[in-house]
Amino acid sequence: MSDIFHEVDEDLRRENYAKLWARYGKYVIALAVLLVVATAGVTQWRQYQLHQREAEGARYVAALNLARQGKDQDAATAFAAIARQAGGGHATLARLEEAALKAHAGDSAGAVAAYTALAADGSVDPVYRDVATLLAAQYGLAGGDPKAIIAKLAPLTSADNPWHPSALELTALAELKAGDKAAARATYQRIADDLAAPQGLRGRATEMLTALAD
């Protein structure tokens, strides 16, 4: 008797499944097709991105080779194009290289402007933005406002910033240019006392402290 009930139950289930499939089967098929198309699209997109990165890398290397050959103008043009058209790390590195070529060519104002723009770009990794801030300060010391440079470097001088020894050294130079000898001595003392700072930098700070004591 239980077998009969079991068979009836199975028949009802099959009938219900058939009704469900008749009603919703087309949606199941559409969903399956959509999943296949989406998977293929993601795969193609990843392949496209890989190809783009490889192409950007090749263009970046070609621009570096131009710089190594002394073709600064051609290299600067190539890096500028990469900075405009590439994405992510290659664009950032290209902007740094373009600014460095301006500095190498004696265009300090152009270099400072390029580094400042990079430092202010919120889409760039903070590490590169900090590097750009340091380089803008370095090339801006000669003709820039030392107080403005000190203010821009201030966030980088905290002990938890990996660039703080270099930021402190540039700050001390800016303080000297501003005529604030006492502030410069205090900053150099911070560097000299910083065991985490590079030995060469601490040595320069110690030498400056001796010179400023006279």
Side-chain angles (χ1 to χ4, degrees), residues 52-157 161-180 184 187-188 191 197-198 200-201 203-205 207-208 211:
Q52 287 293 101
R53 287 195 294 270
E54 290 174 346
E56 289 170 4
R59 291 170 61 198
Y60 183 79
V61 171
L64 281 177
N65 287 333
L66 288 172
R68 292 191 185 104
Q69 295 166 17
K71 300 177 181 178
D72 289 355
Q73 187 56 54
D74 292 339
T77 301
F79 282 126
I82 296 170
R84 288 194 306 272
Q85 300 164 8
H90 283 117
T92 300
L93 292 174
R95 291 172 72 179
L96 287 169
E97 292 288 353
E98 183 186 5
L101 286 170
K102 289 179 182 294
H104 184 261
D107 183 9
S108 295
V112 169
Y115 285 130
T116 300
L118 184 58
D121 190 341
S123 67
V124 174
D125 188 291
V127 172
Y128 293 116
R129 294 175 64 189
D130 287 351
V131 170
T133 298
L134 288 171
L135 292 169
Q138 177 182 332
Y139 290 106
L141 265 175
D145 177 6
K147 292 184 179 179
I149 290 174
I150 293 168
K152 288 181 180 179
L153 288 171
L156 278 63
T157 60
N161 189 290
W163 304 109
H164 76 271
S166 297
L168 285 171
E169 185 174 38
L170 286 169
T171 296
L173 291 171
E175 287 167 342
L176 284 176
K177 186 181 178 184
D180 194 344
T187 302
Y188 279 124
I191 300 171
L201 200 156
R204 289 197 301 273
E207 290 174 3
M208 288 302 297

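Numbers here simply count residues along the sequence, with the first being 1.
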Distance-minimising heavy-atom pair for [X] and [Y]:
| X | Y | value |
| --- | --- | --- |
| Gly144 | Lys177 | O-NZ, 3.2 Å |
| Ala136 | Thr116 | CB-OG1, 3.8 Å |
| Ser166 | Leu201 | N-CD1, 3.9 Å |
| Ala132 | Ala119 | CB-N, 3.8 Å |

What distance separates [X] [atom1] from [Y] [atom2], expressed to the nearest 0.5 Å?
| X | Y | atom1 | atom2 | answer |
| --- | --- | --- | --- | --- |
| Leu168 | Tyr188 | CG | OH | 10.5 Å |
| Thr171 | His164 | OG1 | NE2 | 11.5 Å |
| Asp180 | Ile150 | CG | CD1 | 7.5 Å |
| Tyr139 | Leu134 | OH | CG | 12.0 Å |
| Asp130 | Leu153 | CG | CG | 10.0 Å |
| Thr187 | Met208 | OG1 | CE | 11.0 Å |

Item checked: From Ile149, Thr133, Leu170, residue fulfilling side chain to side chain contact (heavy atoms under 4.5 Å, CB included) relative to Gln138 -> Leu170

In a table with atom names and distances, give each donor-acceptor pair under 3.5 Å that connects a side chain of residues 105-115 to protein atoms at least two apart or in another chain.
| unit_1 | atom_1 | unit_2 | atom_2 | d |
| --- | --- | --- | --- | --- |
| Asp107 | OD1 | Gly110 | N | 2.9 |
| Tyr115 | OH | Ala100 | N | 3.4 |

